[in-house]
Q: 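Have a look at the structure that comes next, please.
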Amino acid sequence: MIAIVDYGMGNIASVSNAFKSLGYDVCITDNYDELAKASHIILPGVGSFRAAVTEINRRDLKDSLRELAKRKPVLGICLGMQLLFSDGYEGGKSKGLNLIPGTVEKIQTNLILPHIGWNTLNIQNSQFENLQNKHVYFVHSYEVKTKNEYIIATTNYEVKIPAIVRKDNVYGMQFHPEKSGAVGRQLLNIFLHSTQEVRM
């Protein structure tokens, strides 16, 4: 079973439908016991970093997610990817989950924000090399700043933006795989099949 974290924000229904279309059972929850039973944990998101962190803290999810990420594969999508990092500056500085070192900052570009629409992936990891130059769907105004060792793929919006990140069993996708057609489904399958629970 795949658990989608319900923290009162985000595109939960479309993410749930994407996994169901791949043949997986899905549970939408903010309950620790249900999250602990899942094979994979998905952190979706649409909205503001600060508001999301506030709600995660209000629901006492932060420590639970940090603990579960030590032994379960976690995927953050869009805002959910940004929440994986140490600090975010949208709406003022806020502490993220700190599962991957780095910050979330406004995209420094002369182009219109938010960055909305289809853009190409520039793959930096052989696991995803067959997806080079494939198009995926973005909606965001903030980007992560992190070490190159955690970046699997980037996209270009006048500046280079991390599009897929990974540290151990924690993945993030800045775009929306659930809105990215066959390529998005392929990426979700790669995540599901290349990660597994760590027995402790």
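Along the sequence shown, residues carry numbers from 1.
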Q: Looking at side-chain heavy atoms only, is the closest gap between D87 and K95 below 4.5 Å?
A: yes

Q: Any donor and acceptor pair, going by atom type alone, linking the side chain of R166 with main-chain N or O of I151 inside 3.5 Å?
A: no

Q: Hydrophobic clusters here meaning ILVMFWY residues chained together by side-chain heavy-atom distances under 4.5 Å, can you tell me if Y32 and L83 are in one?
A: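 Yes, Y32 connects to L83 through the hydrophobic network.
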
Q: Roughly how far, to the nearest 0.5 Å, is the CG atom of N57 from the CZ atom of R59?
A: 12.0 Å

Q: Could you check if a side-chain atom of L131 sits within less than 4.5 angstrom of a side-chain atom of V183, using non-hydrogen atoms only?
A: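 In contact.
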
Q: Roughly how far apart are T155 OG1 and N133 CG, rounded to 0.5 Å?
A: 10.0 Å

Q: Do you know which of Q174, E178, K179 makes side-chain hydrogen bond (donor to acceptor under 3.5 Å, both in side chains) with H176?
A: E178

Q: Counting N and O atoms only, with roles assigned by atom type, does the side chain of Q82 sit under 3.5 Å from a partner on the main chain of F49, one being a donor and the other an acceptor?
A: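 No; judged by distance alone, with no hydrogens or angles, the pair does not exist.
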
Q: Closest heavy-atom contact between C78 and V139?
A: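 Shortest heavy-atom contact: SG-O, 3.4 Å.
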
Q: When you group the ILVMFWY residues by side-chain heavy-atom contacts below 4.5 Å and let the links chain together, are L111 and I161 in the same group?
A: yes

Q: Look only at the side chain of N11 and the backbone of G45, and say whether a donor-acceptor pair between them is shorter than 3.5 Å.
A: yes

Q: Just say parallel, tilted or perpendicular for the rings of Y157 and H115, cut-offs at 30° and 60°.
A: parallel

Q: Is it true that I28 and L75 fall in one hydrophobic cluster, defined by side-chain heavy atoms closer than 4.5 Å?
A: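 They do share one cluster, since a chain of ILVMFWY contacts under 4.5 Å joins I28 to L75.
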
Q: Assess the residue pair T29 and D6 against the criterion (side chain to side chain contact (heavy atoms under 4.5 Å, CB included)); give the C-alpha distance rounded to whole Å, side-chain angles, the decisive distance to 0.1 Å, and a yes or no.
A: CA-CA 5 Å; T29 184; D6 180 6; 5.8 Å; no

Q: Are I190 and L192 connected in a single hydrophobic cluster, I mean Ile/Leu/Val/Met/Phe/Trp/Tyr linked by side-chain heavy atoms less than 4.5 Å apart?
A: yes

Q: List the residues meeting ring-ring contact (aromatic ring centres under 6.0 Å, His included) with H135, not counting sequence neighbours, and say none if there are none.
A: none

Q: Can you see which heavy atom on A18 is nearest to which on S21, and at what distance?
A: O-OG, 2.6 Å

Q: Run the side chain to side chain contact (heavy atoms under 4.5 Å, CB included) check on K72 and N169 step by step: do they pass?
A: CA-CA 7 Å; K72 293 194 179 281; N169 251 14; over 6 Å; no

Q: Return yes if some donor-acceptor pair links the side-chain N/O of E143 with the main-chain N/O of I107 below 3.5 Å, else return no.
A: no

Q: Kindly give the heavy-atom pair with the smallest separation between P177 and I77, and that separation in Å.
A: CD-CG2, 3.7 Å

Q: Please report the C-alpha distance between T146 and K167 in whole Å, then the side-chain angles of each, then the deciding distance to 0.1 Å, and finally whether the side chain to side chain contact (heavy atoms under 4.5 Å, CB included) criterion is met.
A: CA-CA 11 Å; T146 190; K167 182 178 184 290; over 6 Å; no

Q: Ignoring hydrogens, what is the shortest heavy-atom contact between P162 and M81? Give both atom names and the distance.
A: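 In terms of heavy atoms, the two residues are closest at O-CE, 3.9 Å.
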
Q: Decide yes or no on side chain to side chain contact (heavy atoms under 4.5 Å, CB included) for F85 and V165, but give the supporting numbers first.
A: CA-CA 11 Å; F85 286 82; V165 295; 4.0 Å; yes

Q: Check whether any side-chain heavy atom of L65 lies under 4.5 Å from a side-chain heavy atom of Y7, and answer yes or no.
A: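 In short, these two side chains do not touch, never coming nearer than 4.5 Å.
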
Q: Which heavy atom of F138 sits nearest to which heavy atom of H140, and what is that distance?
A: CD2-NE2, 3.7 Å

Q: State yes or no: are the ring centers of F175 and Y137 separated by less than 6.0 Å?
A: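 That pair fails the under 6.0 Å test.
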
Q: Report yes if the side chains of Y142 and P114 come closer than 4.5 Å at any heavy-atom pair, otherwise no.
A: no

Q: Out of curiosity, I164 CD1 to I152 CD1, how far, rounded to the nearest 0.5 Å?
A: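 Output value for this atom pair is 6.5 Å.
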
Q: Any heavy-atom pair between the side chains of V26 and M1 that's under 4.5 Å?
A: no

Q: What's the spacing between I116 CD1 and S141 OG if we round to 0.5 Å?
A: 7.5 Å

Q: Checking the side chain of T103 only, and the main-chain atoms of G88 only, is there a donor and an acceptor separated by less than 3.5 Å?
A: no

Q: So, do Y24 and H40 have ring centers that fall under 6.0 Å from each other?
A: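 Between Y24 and H40, the centre distance exceeds or equals 6.0 Å.
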
Q: Rounded to the nearest 0.5 Å, what separates atom SG in C27 from atom CD1 in I4?
A: 9.0 Å

Q: Under 4.5 Å between any side-chain heavy atoms of F128 and L187, yes or no?
A: yes

Q: Does a side-chain N-to-carboxylate-O contact under 4.0 Å join E55 and R58?
A: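 Salt bridge: yes.
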
Q: Do any N or O atoms from the side chain of E158 and from the backbone of N110 form a donor-acceptor pair under 3.5 angstrom?
A: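 Pair found, side chain donor or acceptor close to backbone of N110.
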
Q: For S86 versus N98, what's the shortest heavy-atom pair and its separation?
A: OG-OD1, 2.7 Å

Q: With a 4.5 Å limit on heavy-atom distance, are the side chains of L61 and L35 in contact?
A: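 Yes, at least one pair of side-chain atoms sits under 4.5 Å.
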
Q: Calculate, to the nearest 0.5 Å, the distance between atoms CG and NZ belonging to D60 and K62 respectively.
A: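 So the CG of D60 and the NZ of K62 are separated by 12.0 Å.
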
Q: Is the shortest side-chain heavy-atom distance between L22 and R185 below 4.5 Å?
A: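 Side-chain contact under 4.5 Å: yes.
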
